Amino acid sequence: MLGPNEVSLGDWRLYKTIYGGSLSTRKTDSYNIANFLGHDNVFTFKDRAKHRARRKMQSRPYSLQAILENEPLIASKADIMVRRMISHAELSPSGRTVEAYRLCGLFSLEVVLKSAFNRDYEESIDAESWKFLQAMDEGAMSLAIQTVAPFLKKPIGRMIPGAIGHSYRQFDQWHAMTTILCNRFKQTENSFDKTQRFLVTPLLTNEDEFLGRRLTASEVDEEAMGIAFAGSGTTSTTMTYLLYALARPDGQRLQIKLREELKNAGQTIRELQELPYLDAVIKETMRLFPTIISTLPRVLEAPLAVREGILLPEGTVVGMQNYVHHQDPELFPEPETFLPERWLDKDAHTDMNAALTPFSIGPRNCLGQNLARAEIYLAISKVFRRLHLTLNPSMTEADMEMNDRFNVVPRARKLLLDVTIVSS
């Protein structure tokens, strides 16, 4: 029990019932925190018809077909990430050391901004994309602040000294940079993107069937800010923790095994997704280090039997957390151990796959999961073909504790890795 009318559930078998669409539920007002400019967006709509219309409106560029069309641009950004890991590694007592958390963030954001706005950035890590990433990361704190102090949303929030005022000013910077990108795309690209290859095209072109009209400029900005925020943070977190897991002392054998599989493998998304050990490493990262560990609350619109003799009535707020059922010891023996091999016997682990829910399920599952998977497969394969990674001795387990900001970040906001180029 979390409160008089709220229950947290841990049985993975209930996840499909609550989130899969077979049981009538609705979102709570807690999702309003992600209303960036005061509009609802595809992440926050509580009304099912409104959500369905907005999702349908912008679904084409998230399709697998569209992601495969954009595969070269994703691969090119992954190549840039590898080059940055080499060129920006600094000499340290243990070798050449790079801060990988920042580079994972830049890679993921630059993929999203290219996929959304056809916008490229310089390879320098001090490029405009870094300023965008900083503004988004630091500005997001203001969203949480104004849920408890809504009056700060007015200009007074920007005038407060210290971290609070800085967060509001960074939010304004994030908004302004998004508006510039939207306007630039509308002027130079939109009329040429007939196949709706880029994520922002349907926001500018298509009608929302529920509203019966196109979106206003402010509504476009609202959705575009959500694309950058959700599309970059979750993917970069998964990549950060995957690099961490394989760079640790007990991950060295796993890294060698993965590199051996990659040595003679193809390099397209479809070819990479057929590699059993790469797939197992990615699944195990998503299991042990889920990017969303917060409760995803829903209000029951019908009673729910959670076990024999226990019936939750209509109106109860229920929620589940990936972190809990991803560590169910009945499904995942040694649940705190990073063990990719557990995924290799696909026939024996139907329940394991059903319990793995990194992108949620049902009508509100992650709209961008095809893009996220493509980024991870391409980037991780390119990193480990070229580089051998070891955890810098200065890093501690405490540095990598998962800090829940809805999207997980490492507590220390860094990942120092020692880098060695692998001879071909």
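These figures come from a predicted structure and were not determined experimentally.
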With the side chain counted from C-beta on, respond yes when [X] and [Y] share a heavy-atom pair under 4.5 Å apart, and no when they do not.
X	Y	result
Asp208	Gln58	no
Asp279	Gln273	no
Leu272	Leu262	yes

Pair [X]-[Y], side-chain donor/acceptor within less than 3.5 Å:
X	Y	result
Ser92	Thr97	yes
Arg259	Gln255	yes
Thr178	Asp221	no
Gln252	His388	yes
Gln267	Ser381	no
Thr216	His39	no
Arg364	Tyr19	no
Asn70	Ser115	no

- Test log, rule side chain to side chain contact (heavy atoms under 4.5 Å, CB included), inputs Ser236 and Leu109: CA-CA 8 Å; Ser236 65; Leu109 177 65; over 6 Å; no
- Arg83, CZ: over 12 other non-hydrogen atoms inside 6.0 angstrom: yes
- Query: Got more than 12 heavy atoms from elsewhere within 6.0 Å of CD1, Ile156?
  - Reply: no
- Who pairs with Arg52 by side chain to side chain contact (heavy atoms under 4.5 Å, CB included), at least two apart in sequence or on another chain? Arg48, Ala49
- Query: Does Arg54 count as lying over the ring of Phe45, i.e. NZ or CZ under 6.0 Å from the six-ring centre, within 45 degrees of the axis?
  - Reply: no
Could you check whether [X] pairs with [Y] (Lys NZ or Arg NE/NH1/NH2 to Asp/Glu carboxylate O, under 4.0 Å)?
X	Y	result
Arg307	Asp11	no
Arg158	Asp172	yes
Glu69	Arg60	yes

- Message: Could you measure the distance from the CZ atom of Phe359 to the OG1 atom of Thr291? Nearest 0.5 Å is fine.
- Response: 7.5 Å
- Message: Can you tell me how far apart OG1 (Thr179) and CG (Leu37) are? Round to the nearest 0.5 Å.
- Response: 7.5 Å
Please check if the side chain of [X] supplies one atom and the backbone of [Y] the other of a donor-acceptor pair under 3.5 Å.
X	Y	value
Asn403	Val409	no
Asp399	Ala412	no
Thr25	Val299	no
Glu222	Phe36	yes
Arg96	Thr420	no

- Thr357: which of Lys16, Arg287, His325 passes side-chain hydrogen bond (donor to acceptor under 3.5 Å, both in side chains): His325
- Task: I would like to know whether Arg13 and Glu330 meet salt bridge (Lys or Arg N to Asp or Glu O under 4.0 Å); could you show each step before the answer?
- Result: CA-CA 12 Å; Arg13 287 170 285 258; Glu330 292 185 8; 5.0 Å; no
- Please report the C-alpha distance between Asp40 and Asp47 in whole Å, then the side-chain angles of each, then the deciding distance to 0.1 Å, and finally whether the side chain to side chain contact (heavy atoms under 4.5 Å, CB included) criterion is met. CA-CA 10 Å; Asp40 271 318; Asp47 183 278; over 6 Å; no
- Note on the structure: Across all chains, not counting sequence neighbours, the salt bridge (charged side-chain N to carboxylate O under 4.0 Å, His left out) partners of Lys414 are none
- Message: Classify the ring geometry of His175 against Phe171: parallel below 30°, tilted from 30° to 60°, perpendicular beyond 60°.
- Response: tilted
- Name the orientation class of the two ring planes belonging to Phe198 and Phe185 (parallel below 30°, tilted from 30 to 60°, perpendicular beyond 60°). perpendicular
- Kindly indicate, with the supporting measurements, whether the criterion side chain to side chain contact (heavy atoms under 4.5 Å, CB included) is fulfilled by Val281 and Leu254. CA-CA 8 Å; Val281 166; Leu254 312 180; 5.6 Å; no
- Task: Taking side chain to side chain donor-acceptor pair (under 3.5 Å) as the test, write out the residues that go with Glu122, two or more places apart.
- Result: none
